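Scroll down for the structure; my scribbles are underneath it.
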Amino acid sequence: MQKDMCEVTKVHEEAVERVQSQIPELQKLAQFFKAFSDETRLKILYALTIEKSLCVCDVAAIIGSSTATASHHLRYLRDNSLAKSHREGKLIYYELADDHVEQLVKIAYEHSKEGDCIEEK
């Protein structure tokens, strides 16, 4: 069985410096992924990969919540650039912000299904 730690301490300074000089500010990215960390929001995002545009009432029915709760989650997704909204008469419709979001949701789902098949190296 492989241990999770090095048996000795040896810092490869050139590699560390090379990586540190190229890592950008990641706070916005962390906030982006935080939006994915909630199962209800993920369900909404996944639903929007199936049906391209859903009104708040539809989303509430899909996630089994009140329209207020659905609206709260949708607003959070919109505020984090994962969804966008538009009004049609008295209804507010939401859709994914762009193709990147759809790809991320689908790739993450596929990866999660493979998790049981990944062997420890």
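These numbers come from a predicted model, not from an experiment.
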Under the salt bridge (charged side-chain N to carboxylate O under 4.0 Å, His left out) rule, what do R78 and E95 come out as? Steps first, then yes or no, please.
-> CA-CA 9 Å; R78 187 191 64 218; E95 57 191 67; over 6 Å; no

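Between the side chains of E88 and H86, a donor-acceptor pair is found at a separation under 3.5 Å.
The minimum heavy-atom distance linking S65 with A70 is given by the pair OG-N, 3.6 Å. What you find for R41 and S37 is that their closest heavy atoms are NH2-OG, 4.2 Å. Contact between T49 and Y46 at its shortest, heavy atoms only, is OG1-O, 2.6 Å. A60 approaches S66 most closely through the heavy-atom pair CB-O, 3.7 Å.
The backbone N or O of H100 lies less than 3.5 Å from a partner atom in the side chain of D98, making a donor-acceptor pair. Remark: side-chain polar atoms of D58 are not paired, donor with acceptor, to backbone N or O of L54 under 3.5 angstrom. Formation of a donor-acceptor pair under 3.5 Å by the D99 side chain with backbone atoms of E102 is not found in this model. Without hydrogens or angle criteria, S112 side chain to Y109 main chain gives a donor-acceptor distance under 3.5 Å.
Remark: Q20 CD to Q22 CD distance equals 11.5 Å, nearest 0.5 Å. Within the model, atoms CD1 of I92 and SG of C55 stand 9.5 Å from one another, a figure rounded to the nearest 0.5 Å.
L82 places a side-chain heavy atom less than 4.5 Å from the side chain of F32. Side-chain contact between F36 and L77: absent, with no pair of heavy atoms (C-beta onward) separated by less than 4.5 Å. A heavy-atom distance below 4.5 Å is found between the side chains of D38 and H73.
There is a path of hydrophobic side-chain contacts, each under 4.5 Å, that joins F33 to L48. By the rule that hydrophobic residues join a cluster once side-chain heavy atoms approach within less than 4.5 Å of another member, I62 and V56 end up as members of one cluster. Under a hydrophobic-cluster definition in which Ile, Leu, Val, Met, Phe, Trp and Tyr are linked whenever side-chain heavy atoms come within less than 4.5 Å, directly or via other members, I107 and L96 are assigned to different clusters. Cluster annotation: L42 and Y76 are assigned to distinct hydrophobic clusters (Ile/Leu/Val/Met/Phe/Trp/Tyr, side-chain heavy-atom contacts under 4.5 Å, transitive). Hydrophobic clustering, with ILVMFWY side chains joined whenever heavy atoms are under 4.5 angstrom apart, groups I23 together with L29.
In K52, the NZ atom is crowded: over 12 heavy atoms of neighbouring residues, nucleotides or ligands sit closer than 6.0 Å.
Judged by the 6.0 Å distance and 45° axis criteria, R87 is not positioned over the aromatic ring of Y93.
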